[in-house]
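Below: the structure, in structure tokens.
A quick note: this is a predicted structure, and the numbers were derived from the prediction, not measured. If you read the sequence from its start, that first residue is 1, and numbering goes on from there.
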Amino acid sequence: MSEELIKDVLKAIGDNPDREGLLDTPKRVIKSWETIFGGYKLTPEEVLTTQFSETYDEMVICKDIEFYSTCEHHLLPFYGKCHIGYLPNGKIVGLSKMPRLVEVFARRLQVQERLTEQIANSMMEILEPRGVGVIMEAKHHCVVCRGVQKQNSVMITSALKGLFSEFNVKSEFHTLCFPK
């Protein structure tokens, strides 16, 4: 990424990259993008390495995982909460690993539907549980500040794999994630 490209963008939107307030903007944009798109430097295999043998066979949930991502269609942010549940199959994963897994995929250009599937599929493939459920709730700035401009709309996506597709397991997961 070059600072000249960012200066060209500033010119394209009608501003002057040489004015005082924008002089360091290209450097700041490049540095911020290293964080915002840092998921490209990570893999789910790296993140889910810490596993423990365990006979626990009930549902494990990490809920309210904050995430921030960028819509690949408009390059605008979307953000919200992710809830991940799984039914162990002789192995459990360290608690911090689920939020880290969310970061692997959220910190890339995304659509929420794919993001949800990528998290669930990675849990299934790497941890090999009896089932996985992922629910994501997000506000999208492509809806909030352009287009239909609806500030309070929330998009919800889910991916249910293995035993989580069975009604009683799905119901328990929803109840634990969203108690009344």
Note, I36 side chain near Y68 side chain (heavy atom, < 4.5 Å): no

From L163 atom CG to E172 atom CD, the distance as rounded to the nearest 0.5 Å: 11.5 Å

Distance in Å, M98 CE paired with S122 OG, rounded so as to fall on 0.5 Å steps: 13.5 Å

Hydrophobic cluster identity match, L109 and W33, side-chain contacts under 4.5 Å: yes

Residue that, paired with F173, satisfies ring-ring contact (aromatic ring centres under 6.0 Å, His included) out of F178, F167, F164: F164

Where Q110 and L115 come nearest, the two heavy atoms and their spacing: OE1-N, 3.7 Å

Within one Ile-Leu-Val-Met-Phe-Trp-Tyr cluster: V134 and V169, side-chain cutoff 4.5 Å: no

Heavy-atom closest contact (R130 atom, P88 atom, distance): NE-O, 2.9 Å

Check: E128 and K91 side chains under 4.5 Å, non-hydrogen atoms: yes

Single-linkage hydrophobic cluster M155~V143, side-chain heavy atoms < 4.5 angstrom: no

Salt-bridge criterion met for R114 and E117 (N-O under 4.0 Å): no

Ring center gap for H140 and Y79 short of 6.0 angstrom: no

Gap between atom CG of L23 and atom CD of E3 - 0.5 Å precision: 11.0 Å

Same cluster (ILVMFWY, side-chain, under 4.5 Å), L87 and V60: no

Closest approach of I84 to I119 (non-hydrogen atoms, all atoms of both residues): CD1-CG2, 3.7 Å

Least distance between heavy atoms, P44 atom then F105 atom: CG-CZ, 3.6 Å

T157 and Q112 side chains, donor-acceptor separation under 3.5 Å: yes

Value rounded to 0.5 Å, distance of CZ in F78 from OG in S69: 3.5 Å

Beyond-backbone contact of V132 with P129, side-chain heavy atoms, under 4.5 angstrom: yes

Cationic N near anionic O, under 4.0 Å, K11 to D15: no

Heavy-atom closest pair, residues C177 and I61: SG-CG2, 4.2 Å

Check against salt bridge (Lys or Arg N to Asp or Glu O under 4.0 Å), K31 and E34: CA-CA 5 Å; K31 187 173 181 177; E34 289 171 1; over 6 Å; no

Beyond-backbone contact of M136 with H83, side-chain heavy atoms, under 4.5 angstrom: no

Distance, nearest 0.5 Å, that separates CD1 of I92 from CG of D57: 12.0 Å

Neighbour count above 12 (heavy atom, 6.0 Å) for E113 CD: yes

Salt-bridge contact E72-R108 (side-chain N to carboxylate O under 4.0 Å): no

Main-chain N/O of M124 paired to Y86 side chain as donor or acceptor, under 3.5 Å: no

Shared hydrophobic cluster, L127 / L95 (ILVMFWY, side-chain heavy atoms < 4.5 Å): yes

Close side-chain approach of I135 and C82, heavy atoms under 4.5 Å: no

Heavy-atom pair with the smallest gap, counting every atom of L10 and P17: CD1-CB, 4.0 Å

CG on L101 to CD on E45, rounded to 0.5 Å: 9.5 Å

pair K139-N152: side-chain heavy atoms closer than 4.5 Å: yes

Any C145 side-chain heavy atom under 4.5 Å of L76 side chain: yes

Within-4.5 Å side-chain heavy-atom neighbours: F37 and R107: no

